Amino acid sequence: MQSLVNPTIPGELRRKIVDARRVLVLTGAGVSAESGVPTFRGGGKSAVWKGMPFDVISSAGMVSRDLPAVWEWFDYRRELLKSLRPNRAHEEIARWQDRFEKLTVVTQNVDGLHQLAGSNNVIELHGSIWRARCISCSSRFEISRTQSRPDICADCGDRLRPDVVLFGELLPSGAFEMAAEAAAECELCFVIGTSGLVYPAAGLPEIAKAAGACVCEVNPERTPLSASCDHVLTGNAGEVLPLL
Ligand code: BV8
């Protein structure tokens with residue numbers, strides 16, 4: 001990962017950070033990149049699994065068509081994650097919960113690294129790779145880092161699927177609503193490590209902006225959200241966040 005010249009932090013943003021009481025942080029795959037978690041896009045290409053673009057293997061249709069293939073994709077990513085740790089960006093965001101009166105961390109990531117870094121009450125918009133859910137009774141089961149994952153629902157005996165939100169599926173009930181509420185009432189919104197292409201998550205900074213919040217993007221690349229941000233800090237989250 002290319003180390004970039006760290007951006008200077010505008011005085012106006014520093015003042016906003018000092019004054020802000022309610023802060024929203026929206027993160028995407030980029031916040032985990034410095035931990036070694038591959039992003040889905042970046043460098044002009046997007047992730048492919050066994051010849052299938054990620055938004056195909058990670059789509060609702062695949063669960064009914066080929067659940068074992070879906071499990072293979074998430075088992076592979078979970079195995080990768082077992083040896084990876086939170087990075088400076090996750091750690092800074094965790095520290096912010098003592099810095100701001102009300103901090104809401106909303107993530108598109110299913111990797112659980114924010115929680116591992118000490119962030120509480122993280123809103124996981126797209127679920128978690130560390131949980132399985134029954135395809136018929138929706139019972140949820142934790143997947144441990146040490147034992148093999150369960151295949152069958154202990155409550156009704158039907159098959160389990162990853163407890164993540166696949167493309168074409170609705171977000172967990174209440175998750176987006178809680179995030180949208182926090183966006184509508186925050187004074188400062190950080191958009192960290194997301195390409196801003198997946199909805200409804202990418203709509204949250206717009207909600208914050210419309211409610212009068214100051215929106216700050218942290219990303220080594222420009223995104224469709226950059227133009228509507230008050231501040232764009234071009235760099236790697238693990239290097240930029242400690243400057244704030
Ligand atoms: C839904 C879980 C209702 C699984 C994921 C409106 C317009 C257009 C399309 C739609 C729309 N509304 C709905 C849709 C359809 C679809 C969608 O948005 N499609 C997109 C592709 C156009 N949305 C849905 O299907 C959603 N459901 O809307 O339900 C409905 C139902 C039926 C029909 C219609 C609507 C559900 C979406 C959730 C899917 N599940 N994840 C899994 O993990 O496999 S999405 C998954 O991909 C991630 O969770 C994440 O959200 C997304 C990847 O995006 P990013 O996280 O941003 O990562 P990316 O790699 O793209 O970018 C990384 C960024 O980091 C880059 O900018 C890079 O420069 C930067 N970076 C790199 N290194 C660093 C860094 N930044 C900082 N520091 C670094 N070191």
Side-chain angles (χ1 to χ4, degrees), residues 1-4 6-7 25-49 52-63 69-78 80-81 86-90 92-93 106-114 122-131 133 161-173 175-176 179 190-206 216-226 229 232-244:
M1 176 174 308
Q2 183 218 0
S3 175
L4 296 157
N6 282 336
V25 175
L26 172 67
T27 67
V31 82
S32 296
E34 290 154 270
S35 296
V37 182
T39 59
F40 296 84
R41 295 179 191 81
K45 55 185 191 336
S46 79
V48 171
W49 170 258
M52 275 182 284
F54 86 90
D55 49 4
V56 173
I57 181 72
S58 277
S59 67
M62 279 303 286
V63 169
V70 173
W71 268 125
E72 218 185 331
W73 160 233
F74 286 98
D75 290 347
Y76 159 77
R77 291 164 62 184
R78 203 178 321 106
L80 205 64
L81 278 170
N87 63 63
R88 283 292 304 278
H90 297 110
E92 281 300 317
I93 292 166
V106 178
T107 189
Q108 299 168 76
N109 302 343
V110 297
D111 58 29
L113 290 177
H114 282 299
V122 176
I123 300 177
E124 296 179 308
L125 284 181
H126 297 161
S128 171
I129 204 167
W130 299 104
R131 278 194 313 270
R133 184 174 85 237
R161 55 157 285 167
D163 187 25
V164 298
V165 179
L166 300 172
F167 284 96
E169 292 184 331
L170 296 174
L171 275 53
S173 63
F176 186 76
F190 286 101
V191 184
I192 306 172
T194 182
S195 56
L197 294 170
V198 173
Y199 281 77
L204 289 168
E206 291 149 21
C216 174
E217 181 179 55
V218 179
N219 195 312
E221 295 176 9
R222 297 256 329 152
T223 75
L225 298 173
S226 307
C229 290
V232 174
L233 304 179
T234 304
N236 295 325
E239 295 163 7
V240 172
L241 297 193
L243 304 174
L244 300 177

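Each ligand, and each atom within it, is numbered from 1 in the order the structure gives. Owing to the predicted nature of the structure, the values given are computational and were not obtained by experimental measurement. What you see below is based on every heavy atom in this structure, not just the backbone, and it leaves out hydrogens, waters and symmetry mates.
- Looking at Gly30, Ser59, Ser128 and measuring to atom 71 (N) of ligand 1, the nearest heavy atom belongs to Gly30.
- Which parts of ligand 1 touch Val165 is read off a 4.0 Å heavy-atom cut-off, strictly below it: atoms 2 (C), 4 (C), 5 (C), 36 (C), 38 (C), 39 (C), 40 (N), 41 (N).
- The two residues Asn87 and Val31 come nearest to each other via the heavy atoms ND2-O, 2.8 Å.
- A distance-only check finds no donor-acceptor pair linking the side chain of Ser35 to the backbone of Val37 [under 3.5 Å].
- Among the atoms of Phe40, some N or O lies under 3.5 angstrom from an N or O of ligand 1.
- When non-hydrogen atoms are compared, ligand 1 lies under 4.0 Å from the side chain of Glu34 (C-beta onward) but not from its backbone.
- Results of the side chain to side chain contact (heavy atoms under 4.5 Å, CB included) test with Leu204 over Val106, Val191, Thr194 single out Val106 as the only residue that passes.
- In plain terms, the two heavy atoms of Trp130 and Leu81 that are nearest each other are CZ2-CB, 3.9 Å.
- The closest heavy-atom contact to atom 62 (O) of ligand 1, among the options Gly196, Gly168, Ser195, comes from Ser195.
- At a 3.5 angstrom cut-off on N or O pairs, Ala237 counts as close to ligand 1.
- Close approach to Thr39 involves these atoms of ligand 1, each under 4.0 Å from a residue heavy atom: 60 (O).
- Below 4.0 Å from some heavy atom of Gly28 lie the following atoms of ligand 1, by number and element: 56 (O).
- Trp49 and Ala69 make their closest contact through NE1-O, 4.3 Å (heavy atoms, listed as atom of the first residue, atom of the second, distance).
- With a 4.0 Å heavy-atom cut-off, ligand 1 is reached by the side chain of Ala33 but not by its N, CA, C or O.
- Counting all heavy atoms, side chain and backbone alike, Ile57 lies closest to Val70 at O-CG2, 4.0 Å.
- Scanning all heavy atoms of the two residues, the minimum distance from Trp71 to Arg161 falls at CZ2-C, 3.3 Å.
- Distance CG/Leu26 to CD/Gln108: 5.0 Å, rounded to 0.5 Å.
- Atoms of ligand 1 lying under 4.0 Å from any heavy atom of Phe54, numbered from 1 in the order shown and given with element: 47 (O).
- The residue from Arg88, Glu169, His126 that puts a heavy atom closest to atom 1 (C) of ligand 1 is Glu169.
- With a 4.0 Å cut-off on non-hydrogen atoms, Ile192 does not touch ligand 1 at all.
- Contact atoms of ligand 1 toward Gly193: 63 (C), 64 (C), 65 (O), 76 (N), 77 (C) (distance under 4.0 Å to a heavy atom of the residue).
- Closest approach of Ala202 and Gly196 over heavy atoms only: CB-O, 3.4 Å.
- Residue contacts with ligand 1, taken as heavy atom pairs separated by less than 4.0 Å, involve Arg77 solely via side-chain atoms from C-beta onward.
- By the side chain to side chain contact (heavy atoms under 4.5 Å, CB included) test, Glu206 pairs with Tyr199, Leu225, sequence neighbours left out.
- Distances from atom 20 (C) of ligand 1 to the heavy atoms of Leu197, Leu170, Asn109 show the closest one on Leu197.
- Here is the list of ligand 1 atoms found below 4.0 Å of a heavy atom in Pro220: 71 (N), 74 (C), 75 (C), 76 (N), 77 (C).
- Checking Thr107, Thr27, Asp111 one by one against Ser32, the side-chain hydrogen bond (donor to acceptor under 3.5 Å, both in side chains) holds for a single residue, Asp111.
- Heavy atoms from both the backbone and the side chain of Ala29 come within less than 4.0 Å of ligand 1.
- Using a 4.5 Å cut-off on side-chain heavy atoms (C-beta onward), Ile129 and Pro162 make no contact.
- Classification of the His114-His90 ring pair by plane angle, with boundaries at 30° and 60°, yields perpendicular.
- The heavy atom nearest to atom 13 (C) of ligand 1, out of those in Trp49, Tyr199, Phe176, is found in Tyr199.
- Distances shorter than 4.0 angstrom do not occur between any heavy atom of Glu239 and any atom of ligand 1.
- Close approach of ligand 1 to Gln108 is summarised as follows: ligand atoms under 4.0 Å from at least one heavy atom of the residue are 48 (C), 49 (O), 50 (C), 51 (O).
- Short contacts between ligand 1 and Glu221, defined as distances under 4.0 Å to a heavy atom of the residue, involve ligand atoms 69 (O).
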